[in-house]
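Single-structure report; data block below.
Chain A is the first sequence line, chain B the second, and so forth, proteins listed ahead of strands; every chain is numbered from 1.
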Number of protein chains: 2
Amino acid sequence: MALKHAILVSLAEKAASGYDLARRFDKSLGFFWQASHQQIYQLLAKMENSGELAAELQAGTGKPGRKVYRLTDAGRRALHEWTREPTPTEQPRSEFAVKIRGMNFGDPTAVRLDIERQREAHRARLAYYLAEAARNYPDPEALDAARLPPYLVLRGGIRTETGYIAWCEEMLELLDRDPAHPTPTRQEKP
Amino acid sequence: MALKHAILVSLAEKAASGYDLARRFDKSLGFFWQASHQQIYQLLAKMENSGELAAELQAGTGKPGRKVYRLTDAGRRALHEWTREPTPTEQPRSEFAVKIRGMNFGDPTAVRLDIERQREAHRARLAYYLAEAARNYPDPEALDAARLPPYLVLRGGIRTETGYIAWCEEMLELLDRDPAHPTPTRQEKP
DNA sequence: ACAGACATGTAAAGTGTTACATGATTCA
DNA sequence: TGAATCATGTAACACTTTACATGTCTGT
């Protein structure tokens, strides 16, 4: 149940409502873990029930009622114990790679266009990560212990995207060399 | 339902039983998609029911009874149509990255050791992929259209593992530089 | 005789996605 | 007044993992 641990980490950084957490999962926390608000609200309730979180209601301040969660001692303990466990080595899971593998049983030209689409999408994501890095970590050498871990994760994102783009470019090049996978000629509009 | 498409791709390459497919998901098909035999048997039954697959029983040949599945025309059509659809751009999902991010709320020394463990696991996987590449694709320039796609996927695996290892090394280096994350001194056995 | 590979399945629990549902506040 | 954002939730469905269950064949 890694979502639970992602929530523990995020609340250890700063107390938050379910809504806040959902926003964080759209941002930096979401580089390597995603969650919808539906999942989050349910798990928050469960974790409050099990005593790992405590909620404080902020009602009547003008805005709609917020339930702000923070870690209890039990929650902090659970988080600490989790960091001591070895992480199972993950295999990536990519529908795109499956499609590459099956390209000859379908429409190779369409798959080639899909490779270009993927490359563009990952270029955009890389640009975003690089901008975040420049904005939040202009001097990585000088980072203190507290700010180092999020930077390390961002570096992972940058490496992942860079590698993905290079893979797409390599595939396009190899497909271009192969006469059975002709480059689609595009209609130039005058 | 990407597992369905992974099965369609694999059966398009060669007809197989559920057991065979489970073996393939342990091997090259599994570089980017995993599935257990439990999942496979259930989905095969469902796909036979929906007319995308046809099964042939091979009983009494001495070995226990095998049900060999192959694509029907409807299955081939479904596969073809799927290759024409753009693939949704995936975000990676990594419990390990979450743990990095939370390292300061737990045991940083244990997480550092976990980084080393991950690096070793990915080094081993990279070595395996490189051996596969050398064995099956000694001359990538000369690959024909039919054998190019699995090679492209293997290249993706090699890139992914290489990037992961480099990320681990970068993290270890940055952690070593930081006095708040001391390198654990190991007891040398004389 | 026993271990290990071959071979196929069911059931239950856990996790994740999609659809549905509601209501307040803020800004144009 | 209407759209966007803030804010929380339920329900149904899809997918994955883990546990249970059974029986054959091959080699030692």
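- Here B/Gln38 lies in heavy-atom contact (under 4.0 Å) with a base.
- Following rounding to the nearest Å, B/Met1 (CE) and C/dT17 (C1') show an atom-to-atom distance of 13 Å.
- Taking atom CG of residue B/Leu57 and atom C1' of nucleotide C/dA7, one finds them 12 Å apart after rounding to whole Å.
- Using cut-offs of 30° and 60° for the angle between ring planes, the A/Phe96 and A/Trp167 rings count as perpendicular.
- Listed candidates were C/dT8, D/dC15, D/dT8. Nearest to the side chain of A/Tyr41 is D/dT8.
- Going from atom CG of A/Leu21 over to atom P of D/dC6 covers 15 Å, rounded to whole Å.
- Distance, B/Leu3 CG to D/dT16 P: 6 Å, rounded to whole Å.
- Contact check, B/Lys67 against C/dG9: a side-chain N or O comes under 4.0 Å of OP1 or OP2.
- Computed from coordinates, the B/Gln42 CD to D/dT18 P distance equals 16 Å when rounded to whole Å.
- Taking atom NZ of residue B/Lys4 and atom P of nucleotide D/dA14, one finds them 12 Å apart after rounding to whole Å.
- Atom pair B/Gln39:CD and C/dT15:C1' shows a separation of 12 Å (rounding to whole Å applied).
- When the nucleotides D/dT17, D/dG9, C/dT17 are ranked by their closest atom to the side chain of A/Ser36, C/dT17 comes out on top.
- Of the residues listed (A/Thr72, A/Leu11, A/Leu43), the one engaging A/Leu53 in a side chain to side chain contact (heavy atoms under 4.5 Å, CB included) is A/Leu11, and it is the only one.
- In this pair, B/Tyr128 and B/Phe31 present their aromatic rings perpendicular. The plane angle is above 60°, beyond the 30 to 60° band.
- The B/Tyr19 side chain lies nearest to C/dA7 when the options are D/dG9, D/dC20, C/dA7.
- The phosphate of C/dG16 (OP1 or OP2) has a side-chain N or O of B/Arg93 nearer than 4.0 angstrom.
- Taking both residues in full, the closest heavy atoms of A/Ala12 and A/Leu79 are given as CB-CD2, 3.7 Å, listed atom of the first, atom of the second, then distance.
- Close to C/dT8, at under 4.0 Å from its OP1 or OP2, lies a side-chain N or O of B/Ser17.
- For A/Arg23 and D/dT5, the shortest distance from a side-chain N or O to OP1 or OP2 is not below 4.0 Å.
- For B/Glu173 (side chain) and B/Glu169 (main-chain N/O), no donor-acceptor pair under 3.5 Å exists by modelled atom type.
- Here D/dT16 presents its P atom at 16 Å from NE2 of B/His37, a figure rounded to the nearest Å.
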